[in-house]
Amino acid sequence: MVEEKTYTAKDIQVLEGLAAVRKRPSMYIGDTGVHGLHHLVYEIVDNAIDEALAGYCRNVEMVLHKDGSVEVRDDGRGIPVDIVAKYNKPAIELVMTTLHAGGKFDKSAYKVSGGLHGVGMSVVNALSEWLQAEVCRDGKRYVIKYERGKVVEPLHEEGEAEFRGTSIRFKPDAQIFETLQFSFDRIVNRLRELAFLNKGLCIRALEDSTGREEEFKYDGGLVEFVKYIDTGKAAIHPTVIYVEGEKNGTKVEVALQYNDSYLESVFSFANGINTIEGGTHLIGFRKALTRVLNDYAKKGKQLPNELGLAGEDMREGLTAVISVKVLEPQFEGQTKGKLGNTEVAGVVESVVGEKLAKFLEFNPPEAKAIVGKLIGAAQAREAARHAKELVRRKSALEGSLLPGKLSDCAERDPAKSELFIVEGDSAGGSAKQGRDRQFQAILPLRGKILNIEKARLIKILGNAEIRTLITALGTGFGDEFNADRARYHRIIIMTDADVDGAHIRTLLLTFFYRYTKPLIERGYIYIAQPPLFLVKKGKEGKYVYGEADLEKVVAEMGGNDGVGIQRYKGLGEMNPDQLWTTTMEPNGRTLYKVTIEDAVEADRIFSILMGEEVEPRKQFILKHALEAKNIDV
């Protein structure tokens, strides 16, 4: 019998002030891991960007200090320091200690902003071990200090100020976060993005411990953004088409260009926020693009044999950035991943439609090149229809229609099932013998799959290894892709720890990123970490997973005296029990989950590494050569 517990008014708690944030931090910043940690920086930076959007800030600087704190400085108006009569507190204290307090609800201070909930600054304060704010305005310098959200040094004046602006320096609280290690590269990618979106704004980033420094200032704004994304691709037309306009209080900026690739790279933003799930602004853009280009092609009688252009044809080889600034944006969810304002679709369609039609009219050679690209895409689409039908039939999830290469598991619950994608029959044989047949499936692929970055859909679907992979995944492909149908919720790339293995891994990741991105976003894709060495002395043996650890392990086992080192050139060299123990056994293995923290940078890097252009790839290798690990030569 279950003992009944009383539930009365005494059990009701009211978390006052910032206590609720510290009690449930994930409600405000997503999680307390790496993502949430960096979210703190973005909240403070976004406040500075809002000052830029309002027209008062031209410079933003972010510093990662050696003590683990972060400082963000701007030359905006400075957070108000005068007393708010109703609360008898300085405005800066109210903003930093009270949820939903700020200057973005009344449009007199900020017509457009990204932070509309009034929780950003106060949440950062609540989740910091300490925070110090400095404000320079009206010729004076003011300072206030907090510890875990509470004032420990009230607002006071500290002399005169030559310049104006705000400086926020904070140290995340170790009591809250699982890690306190900031990634300079991760932050820099976001700052670069913001600089592109805010034409003429100068953003600097510094890391004290390494001396690294980056500065971004793009007078060309979105035009330069498109060129940056298109690194490694050849443009179909030389001019990046730029559209700008305003209607009903909504400002629209769009830059687009077609290139010789077969993939789409379209990114949308609302008030500086990356709307990774799109929204009404993206819908409006697509409608305008399809309508205008179709009309232009039909008007010029450029379509052969009454060939029709579909929306998907418009997306082949398209790189575009859509940025809107909306007075009262409605984002779906706290993550602000999708714009929901219905009126924005019509505004974007109207502005883009009008300006794009004029560009085509006044630039016939470039218009002709674009239409030619679209016709090629439409013809390829027609040719691919038959191949897609074959894949559709082979993607049935029942019985003998699963690929013969696949050694499936007994488990039928995708959440409990794993698929190991391995290279070749030798590794496949070891994996099949070493696996747990209850929940682990094995799919061996023959050699390197097709580089889909350089191929049209018809060629991709004609590749036997890719068809096998699509069928095994069970998700379908192209416009019929559905992540809910995935047969496994843990899809593990397990390749040899050498150069060829790394290449195969990159080819597979390119496929997953370009054509099954939702699987990555759901956290279904992993990379296995097999050992590089087995160090033995007598009957004792230790597996070593990286070059850097080899010397240490050898020393621990008595130096070179009687110590043998076996290097695994491939998974096939390992016995099934060794492969299970080191790489496949859930309690003993190391898996790296594949995530997309920055879609823009991921898109660009895949284009550089896997695209046609050699020079950008050479420059990338030269820049990052010293960061490479475990290179097999």
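The analysis underlying the following values was restricted to heavy atoms, covering all of them including side chains, and did not include hydrogens, waters or symmetry mates.
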Show which side-chain atoms of residues 340-349 pair as donor or acceptor with protein atoms under 3.5 Å away, not counting sequence neighbours.
unit_1	atom_1	unit_2	atom_2	d
Asn341	OD1	Gln330	N	2.6
Asn341	ND2	Glu328	O	2.9
Asn341	ND2	Glu343	OE2	3.1

Which atom pairs, one a donor and one an acceptor, fall under 3.5 Å between side chains of residues 423-430 and the rest of the protein, sequence neighbours left out?
unit_1	atom_1	unit_2	atom_2	d
Ser430	OG	Met574	O	3.2

*Does a side-chain N-to-carboxylate-O contact under 4.0 Å join Arg604 and Glu601?*
yes
*With the threshold set at 4.0 Å, does a side-chain nitrogen-carboxylate oxygen contact exist between Arg456 and Glu316?*
yes
_Going by ring pair (Phe, Tyr, Trp, His ring centres under 6.0 Å), name the residues that satisfy it together with Tyr515, two or more places apart in sequence or in a different chain._
Phe477
*By salt bridge (Lys or Arg N to Asp or Glu O under 4.0 Å), which residues pair with Lys217, not counting sequence neighbours?*
Asp219
Output a table of donor-acceptor pairs, distance under 3.5 Å, between side-chain atoms of residues 352-362 and any protein atom two or more places apart or on a different chain; print 'none' if there are none.
unit_1	atom_1	unit_2	atom_2	d
Lys355	NZ	Glu244	O	2.5

*Give a yes or no on this: more than 12 heavy atoms of other residues, nucleotides or ligands lie within 6.0 Å of atom NZ of Lys227.*
no
*asked:* Restricting to salt bridge (Lys or Arg N to Asp or Glu O under 4.0 Å), what partner residues turn up for Arg186, sequence neighbours left out?
replied: Glu597
*With sequence neighbours left out, write down each residue that passes salt bridge (Lys or Arg N to Asp or Glu O under 4.0 Å) with Glu411, or none if nothing qualifies.*
none
*List for me each residue that meets side chain to side chain contact (heavy atoms under 4.5 Å, CB included) alongside Ser350, sequence neighbours excluded, and say none if there are none.*
Lys247
_All salt bridge (Lys or Arg N to Asp or Glu O under 4.0 Å) counterparts of Arg514, not counting sequence neighbours_ = Glu453, Asp603
*Partner set under ring pair (Phe, Tyr, Trp, His ring centres under 6.0 Å) for His237, not counting sequence neighbours*: none
*Partners passing ring pair (Phe, Tyr, Trp, His ring centres under 6.0 Å) against Tyr524 (at least two apart in sequence or in another chain)*: His489
_So, using ring pair (Phe, Tyr, Trp, His ring centres under 6.0 Å) as the criterion, who are the partners of Tyr513 when residues are at least two apart?_
Phe606
